[in-house]
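In what follows, chains are A, B, ... by sequence order, proteins preceding strands, each numbered from 1.
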Amino acid sequence: MSEEKSLNFIEEIIENDLNSGKYSSIITRFPPEPNGYLHIGHSKSICLNFGLALKYGGSTNLRFDDTNPVTEDTEYVESIKDDIKWLGFNWTNEYYASDYFDQLYEYAVILINKGLAYVDDSSSEEIAQLKGTPTEPGKDSIYRSRSIEENLQLFNEMKEGKFKDGEKVLRAKIDMAHTNMLMRDPIIYRIKHAHHHRTGDKWCIYPMYDFAHGQSDSIEKITHSICTLEFIPHRELYDWLIEHLNIFPSHQYEFARLNMTYTVMSKRKLLQLVTEGHVSGWDDPRMPTISGFRRKGYTALSIRNFCEKIGVAKRENLIDLSLLEFCLREDLNITAKRVMAVLDPVKLIITNYEENKTEYLNSENGPDESLGSRSIPFSKELWIEREDFMEVPAKKWFRLAPGAIVRLKSAYIVKCESFEKDASGNVSCIHCSYIPESKSGQDSSGITVKGTIHWVSVAHAETAEVRLYDRLFKVENPSAEEGDFKEYINPDSLHIIEKAYIEPSLKNAAMEERFQFIRKGYFCLDKDSNEDKLIFNRTVTLKDTWTKMKD
RNA sequence: UGGGUUAUGGUGUAACGGUAGCACUACAGAUUUUGAUUCUGUCUGUCUAGGUUCGAAUCCUGGUAACCCAACCA
């Protein structure tokens, strides 16, 4: 018997609804507002909504919640669709709240006719004033008692553009003393003489979120409308509107949004990072956006697995970035092609190796045989990593040092005979002798070494720019710190290596390929690359127990 | 000082009155032509005080803490 995976609370609700016959199938929706790029937090919602429909044989709509024309744009619509597809999900229908503007207007008229909505001429300050506070009840507006006829006429005039922005609003007539602030006669329509990215200039009044979302769910017959915790207080209004409009009863359920260490997740903050130039754009590889992770080299599978592992519950959480990185490495480890690249080079000369000779050595592309193998040029002069040589070796040092032996990956065992330093005291060249019988794959030397290092032949090396990324913030939870979150930006989150030496096979790297630069981490080509210049992003480092040991 | 939501190892998440489990992290060891991977093991937990019960993370009562709600944002 396989172990039964426990259900999260939403799955339990759905199974109950299905078993009780309340629904025969489910419909979910993913409802982004097109006013920014999707981030890793959205991927939790996407995986949940699409995943549920997949699991229970239902369908999922993509619905853009585009009720505020001043913040929204088609650029965002396109990026959102692109990111969802990249994540691996397909929506059943593509809808827009703006598709329902006519219907929503009719709903508002119904409410007015029932005496459940009125036009208020108060300013926003006055409305706020009369709203009261969480501990004090609000007071009725003097416009609250307008007749149905007058409300009908005024609302129509609002639609006709007779008034300026802010002059009037339409409010639901509920209860100004309600303990839930959202039920104190919420505004449901406001005037905005603004161009909408889809409806153009057809409308100058736009429904508020609360008057659009639930009804849109209802129109689409969404069975389970899943959103984040901060919408809990809205549920009462959501249900109130559905009840008084007497429309299909969609139900709202709330789960805790994803928070992750060393980053921020609010669109407002992410927008700030972009507009103030702290990052190069929404898809900067340091951003927690889906496009940022994607550009950095993350795989869709790793993000989906991550969303699966973090679970769904109602309590506030702060997930360790290391769990995401674990999911990433788990995937990349089996799919990434192993190659060699030297990021911080120092020259190694094999004193007893023939001048001008080139040997082509076979090297496996990865631990899994299906990845195949390739041949790599080897010659007398090689680039190796500067950090792989220590003039005075540390305790338990496995790598190169005066007199020490080490294997050159897929090649020979070498012994360090001497080294040179330049005028400023830096090691400039290392002289080694090699052991011809130790050739990789046909080693008859009988020598065992503790360390294996990577290398690139000087004469055959190609060059590339390599971009190394570190966490964007210095602290685990920048939003919870004192003062402005931007004070906690990590000043060293980007390190550019102008000229790294890479093995020649990398010259043919493709955009979608993933590589492991042996011992250095996982890398992929950046979109800034061109034929003359290769640029690699470090997706994530390898786990490194050695540097930890030293501390 | 109102209403709502939530409290399980360092971090997440299970256990639905009957052995507190799983994953990540951390640490230790084995293997390794990547100090990676893989494998083995270890550490750490039911917010608190009472109560009900043969038995409580779970039920009851009282505290405490965190988060959300007073945009013509979503």
With respect to the side chain of K314(A), which nucleotide from rU33(B), rU5(B), rA74(B) is positioned closest? rU5(B)

Which nucleotide wins on minimum distance to the side chain of S6(A), given the candidates rA14(B), rA36(B), rU25(B)? rA14(B)

Without decimals, in angstroms, what is the distance between L237(A) CG and rG3(B) P? 20 Å

Quiz question: going by heavy-atom distance under 3.5 Å, is there a donor-acceptor pair between the base of rU34(B) and the side chain of R338(A)? yes

Aromatic plane relationship, Y105(A) with W203(A) - under 30° parallel, 30 to 60° tilted, over 60° perpendicular: tilted

Would you mind checking if R146(A) and D121(A) are paired as a salt bridge, meaning a charged N to carboxylate O distance below 4.0 Å? yes

Could you please name the partner base of rG2(B), counting Watson-Crick and G-U wobble pairs only when both distances are under 3.5 Å? rC69(B)

For L328(A) and rC24(B), what is the distance between atoms CG and P respectively, to the nearest whole Å? 15 Å

If we call it a pair only when both distances are under 3.5 Å in a Watson-Crick or G-U wobble match, what pairs with rA7(B)? rU64(B)

RNA chain B: 5'-proximal contact among F9(A) and K543(A) (nearest heavy atom): F9(A)

Return the nearest nucleotide to the side chain of M549(A); candidates are rG35(B), rG12(B), rC72(B). rG35(B)

Taking rG35(B) as the reference, what is the distance to rU31(B) when you measure between their P atoms (whole Å, please)? 15 Å

Q252(A) atom CD is separated from rU5(B) atom C1', nearest whole Å, by 13 Å

So, does the side chain of R315(A) form a donor-acceptor pair with the base of rU6(B) at under 3.5 Å? no

If you look at every strand shown and take non-hydrogen atoms under 4.0 Å, does I232(A) touch a base, only sugar-phosphate, or nothing? sugar-phosphate

Roughly how many Å apart are rC60(B) and rA71(B), using the P atom of each and rounding to a whole number? 36 Å

Answer yes or no: does atom CD of E12(A) have more than 12 heavy-atom neighbours from other residues, nucleotides or ligands under 6.0 Å? yes

Counting the atoms with a prime plus P, OP1 and OP2 as sugar-phosphate, which does K164(A) contact under 4.0 Å by heavy atoms, base, sugar-phosphate, or nothing? nothing

Name the nucleic acid region contacted by I310(A), choosing base, sugar-phosphate or nothing; use a 4.0 angstrom heavy-atom cut-off, strictly under. sugar-phosphate

I want to verify a distance call: between rA36(B), rC72(B), rA74(B), whose nearest atom is closest to the T545(A) side chain? rA36(B)

rU8(B) and rC22(B): how far apart are their C1' atoms, nearest whole angstrom? 13 Å

Describe the nucleic acid contact of S122(A) in one word from base, sugar-phosphate, nothing, applying a heavy-atom distance below 4.0 Å. base

Between E364(A) and K168(A), which residue's closest nucleotide on RNA chain B lies nearer the 5′ terminus? E364(A)

So K192(A), base contact, sugar-phosphate only, or nothing? Heavy-atom distance under 4.0 Å. sugar-phosphate

Which listed nucleotide (rC27(B), rU33(B), rU13(B)) is nearest to the side chain of K548(A)? rC27(B)

Determine the interatomic distance between C1' on rG50(B) and the same-named atom on rA56(B); round to the nearest Å. 14 Å

Which part of the nucleic acid does S123(A) contact within heavy-atom distance under 4.0 Å: base, sugar-phosphate only, or nothing? base

Under the criteria of a ring-centre distance below 5.5 Å and an interplanar angle below 30°, is Y209(A) stacked with the base of rA74(B)? no

Carboxylate-amine/guanidinium contact R514(A) D331(A), below 4.0 Å: no

Classify the nucleic acid contact of I334(A) as base, sugar-phosphate or nothing, counting any heavy atom under 4.0 Å across all strands shown. nothing

Examine the base of rU34(B) for any acceptor or donor lying under 3.5 Å from a partner atom in the side chain of Q516(A), and report the outcome as yes or no. yes

note: D388(A), atom CG; rU33(B), atom P; distance rounded to Å ~ 17 Å

Under a 3.5 Å cut-off for both contacts, is rA15(B) paired Watson-Crick or G-U wobble with anything, and if yes, with which nucleotide? none

Would you classify R399(A) as touching base, sugar-phosphate or nothing, given that sugar-phosphate means primed atoms plus P, OP1 and OP2, and contacts are heavy atoms under 4.0 Å? base

Give L542(A) one of three labels, base, sugar-phosphate or nothing, depending on what nucleic acid heavy atoms sit under 4.0 Å from its own. base

Whether H196(A) and F101(A) hold their rings parallel, tilted or perpendicular, with breakpoints at 30° and 60°: perpendicular

So G441(A), base contact, sugar-phosphate only, or nothing? Heavy-atom distance under 4.0 Å. base

With syn meaning chi within 90° of zero and anything else anti, the base of rA71(B) is syn

Does rG45(B) pair with anything, Watson-Crick or G-U wobble, both distances under 3.5 Å, and if so, with which nucleotide? none

Salt bridge present between R257(A) and E316(A) (N-O < 4.0 angstrom): no

Do S410(A) and rU33(B) share a donor-acceptor pair, side chain to base, under 3.5 Å? no

Once you apply the 3.5 Å cut-off to both distances, tell me the Watson-Crick or G-U wobble partner of rG55(B), or none. none

Closest to the side chain of E316(A), out of rC16(B), rA7(B), rC67(B), is rC67(B)

Would you indicate which nucleotide in rU13(B), rC72(B), rU5(B) comes nearest to any side-chain atom of V169(A)? rC72(B)

Nucleotide of rA14(B), rC24(B), rG2(B) approaching S322(A) most closely (side-chain heavy atoms): rC24(B)

Salt bridge flag under 4.0 Å for residues R338(A) and E364(A): no

Tell me whether the OP1 or OP2 atom of rU33(B) has a side-chain N or O from K439(A) closer than 4.0 Å. no

Hey, can you tell me if F231(A) and Y209(A) have their rings parallel, tilted or perpendicular (30° and 60° cut-offs)? tilted

Among the nucleotides rA70(B), rC73(B), rG35(B), which one has an atom lying closest to any side-chain atom of R190(A)? rC73(B)

With heavy atoms under 4.0 Å as the rule, sort H213(A) into base, sugar-phosphate or nothing. nothing

Assess whether atom NZ of K131(A) is packed by more than 12 heavy atoms of other residues, nucleotides or ligands within 6.0 Å. yes

Going by purine N1 to pyrimidine N3 plus the second Watson-Crick contact, or the G-U wobble pair, all under 3.5 Å, which nucleotide sits opposite rA30(B)? rU38(B)

Between rU46(B) and rU11(B), how far apart are the P atoms? Round to whole Å, please. 13 Å

Would you classify F326(A) as touching base, sugar-phosphate or nothing, given that sugar-phosphate means primed atoms plus P, OP1 and OP2, and contacts are heavy atoms under 4.0 Å? sugar-phosphate

So what does Y189(A) hit on the nucleic acid, given a heavy-atom distance under 4.0 Å: a base, only sugar-phosphate, or nothing? nothing

Please tell me if the side chains of L130(A) and R184(A) come closer than 4.5 Å, counting only heavy atoms from C-beta onward. no

Donor-acceptor pair under 3.5 Å: do we get one between R519(A)'s side chain and the base of rG35(B)? no

Roughly how many Å apart are rU64(B) and rA28(B), using the C1' atom of each and rounding to a whole number? 39 Å

Span that lies between the P atom of rA20(B) and that of rA15(B), in whole angstrom: 16 Å

C1' gap between rU13(B) and rU53(B), integer Å: 29 Å

Atom pair distance, as rounded to whole Å: CD in E330(A) and C1' in rU38(B): 13 Å

Where the side chain of L323(A) is concerned, which of rU1(B), rG4(B), rA23(B) is the nearest nucleotide? rA23(B)

Check every strand shown and say whether V449(A) touches a base, only sugar-phosphate, or nothing at a heavy-atom separation below 4.0 Å. nothing

